[in-house]
Amino acid sequence: QVQLVESGGGLVQAGDSLRLSCVASGRTFSRYCMAWFRQAPGKEREFVAYITSNDGNTYYADSVKGRFTISKDNAKNTVYLLMNSLKPEDTAGYYCAADSRPYCAADSRAVRVVVSAYDYWGQGTQVTVSS
């Protein structure tokens with residue numbers, strides 16, 4: 001089993017930056033494909049960002065492209081989400097997710113953005129952006 005623990009959320013003002021962290025258990029973290037999703041009250045959980053297991057290629061939702069950056073440190077078993085120029089619309093619970101399948105890097109973008117593609121989830125961390 002893989003355990004994921006997010007941290008770094010908080011209350012910030014519009015235009016501020018925040019960095020979220022997700023620490024993963026498991027000896028094969030470097031082979032996982034990792035993603036960040038978010039869910040606002042009354043809305044479905046939506047894709048935010050993705051990073052592949054081997055080559056570190058990234059993919060972002062249009063709503064955060066140019067503002068958010070996903071990265072990972074295999075030595076620390078940690079994936080990060082750096083959020084710049086935060087907007088009130090970014091307010092949501094943020095969740096990290098892991099795809100432990102050995103061939104996850106070969107998935108199409110259409111697969112990467114779907115909640116069901118991931119088999120492990122963190123408990124979430126709240127990000128609130130005030131205007």
Side-chain angles (χ1 to χ4, degrees):
Q1 293 184 326
V2 177
Q3 293 180 313
L4 306 174
V5 181
E6 304 100 328
S7 63
L11 174 62
V12 297
Q13 295 184 358
D16 285 352
S17 297
L18 204 60
R19 189 179 75 161
L20 306 182
S21 299
C22 176
V23 179
S25 66
R27 301 178 182 86
T28 57
F29 172 79
S30 63
R31 301 208 298 260
Y32 301 162
C33 296
M34 304 293 296
W36 285 95
F37 286 74
R38 66 186 182 186
Q39 187 168 21
K43 296 186 177 181
E44 297 292 323
R45 189 166 297 188
E46 66 175 356
F47 169 79
V48 175
Y50 172 94
I51 187 165
T52 59
S53 58
N54 48 12
D55 55 13
N57 287 341
T58 58
Y59 179 64
Y60 300 91
D62 289 340
S63 59
V64 306
K65 190 180 301 180
R67 298 189 297 122
F68 290 10
T69 302
I70 187 172
S71 62
K72 66 176 181 178
D73 186 336
N74 289 333
K76 296 181 178 180
N77 273 22
T78 302
V79 62
Y80 303 96
L81 184 68
L82 175 61
M83 303 179 291
N84 292 323
S85 302
L86 282 164
K87 305 174 181 179
E89 305 92 89
D90 296 318
T91 296
Y94 282 72
Y95 301 83
C96 64
D99 184 348
S100 62
R101 294 175 298 125
Y103 305 109
C104 63
D107 287 345
S108 68
R109 292 177 178 177
V111 172
R112 297 171 187 176
V113 303
V114 176
V115 169
S116 60
Y118 301 88
D119 46 357
Y120 298 99
W121 293 84
Q123 83 291 340
T125 184
Q126 179 67 33
V127 173
T128 302
V129 185
S130 63
S131 60

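Because only heavy atoms are used, hydrogens play no part in the values below, and waters and symmetry mates are left out as well, while side chains stay in.
Criterion: ILVMFWY side-chain heavy atoms under 4.5 Å apart, direct or through other members. Under it, Tyr50 and Met34 are not part of a common hydrophobic cluster. Tyr80 and Leu86 fall into different hydrophobic clusters, where Ile, Leu, Val, Met, Phe, Trp and Tyr are joined by side-chain heavy atoms under 4.5 Å apart, directly or via other members. By the rule that hydrophobic residues join a cluster once side-chain heavy atoms approach within less than 4.5 Å of another member, Tyr120 and Val113 end up as members of separate clusters. Cluster membership for Val79 and Met83, using ILVMFWY side-chain heavy atoms within less than 4.5 angstrom, is shared. Tyr32 and Val115 are members of different hydrophobic clusters when ILVMFWY side chains are connected at heavy-atom separations under 4.5 Å.
Taking CZ of Phe68 as the start and OG1 of Thr58 as the end, the distance is 14.0 Å to the nearest 0.5 Å. In this structure, CG in Asp99 is found 12.5 Å from CZ in Arg31, a value given to the nearest 0.5 Å. In this structure, the separation between CD on Gln123 and OG on Ser7 is 8.5 Å, given to the nearest 0.5 Å. Taken from CG in Leu81 to OH in Tyr95, the straight-line distance is 14.5 Å, to the nearest 0.5 Å. The CG atom of Asn84 sits 6.5 Å away from atom OG1 of Thr69, with the distance rounded to the nearest 0.5 Å.
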Using the rule given for side chain to side chain contact (heavy atoms under 4.5 Å, CB included), can you reason through Ile51 versus Asn57, listing the C-alpha separation, both sets of side-chain angles and the distance that settles it, and then say yes or no? CA-CA 6 Å; Ile51 187 165; Asn57 287 341; over 6 Å; no
From CA spacing to verdict: side chain to side chain contact (heavy atoms under 4.5 Å, CB included), Val129, Gln13: CA-CA 5 Å; Val129 185; Gln13 295 184 358; over 6 Å; no
Stepwise ring pair (Phe, Tyr, Trp, His ring centres under 6.0 Å) test for Phe37 and Trp121: CA-CA 10 Å; Phe37 286 74; Trp121 293 84; 5.1 Å; yes
Go through the steps for Cys22 and Trp36 under the test side chain to side chain contact (heavy atoms under 4.5 Å, CB included), then give the verdict. CA-CA 9 Å; Cys22 176; Trp36 285 95; 3.7 Å; yes
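No donor-acceptor pair closer than 3.5 Å links the side chain of Thr128 to the backbone N or O of Thr91. With hydrogens and angles disregarded, no donor-acceptor distance shorter than 3.5 Å links the side chain of Lys72 to the backbone of Gly56. Although no hydrogens or angles enter the test, the distance criterion places no donor-acceptor pair under 3.5 Å between the side chain of Ser53 and the main chain of Cys33. In this structure, Ser63 contributes its side chain and Ala61 its backbone to no donor-acceptor pair below 3.5 Å. Formation of a donor-acceptor pair under 3.5 Å by the Arg112 side chain with backbone atoms of Asp107 is found in this model.
By the 4.0 Å N-to-carboxylate-O rule, Asp90 lies too far from Lys87 to be salt-bridged with it. The residues Asp119 and Arg101 are annotated as not salt-bridged, no charged nitrogen and carboxylate oxygen being separated by less than 4.0 angstrom.
Not less than 6.0 angstrom separates the ring centroid of Tyr60 from the ring centroid of Phe47.
If you run salt bridge (charged side-chain N to carboxylate O under 4.0 Å, His left out) between Arg38 and each of Glu6, Glu46, Glu44, only Glu46 comes through.
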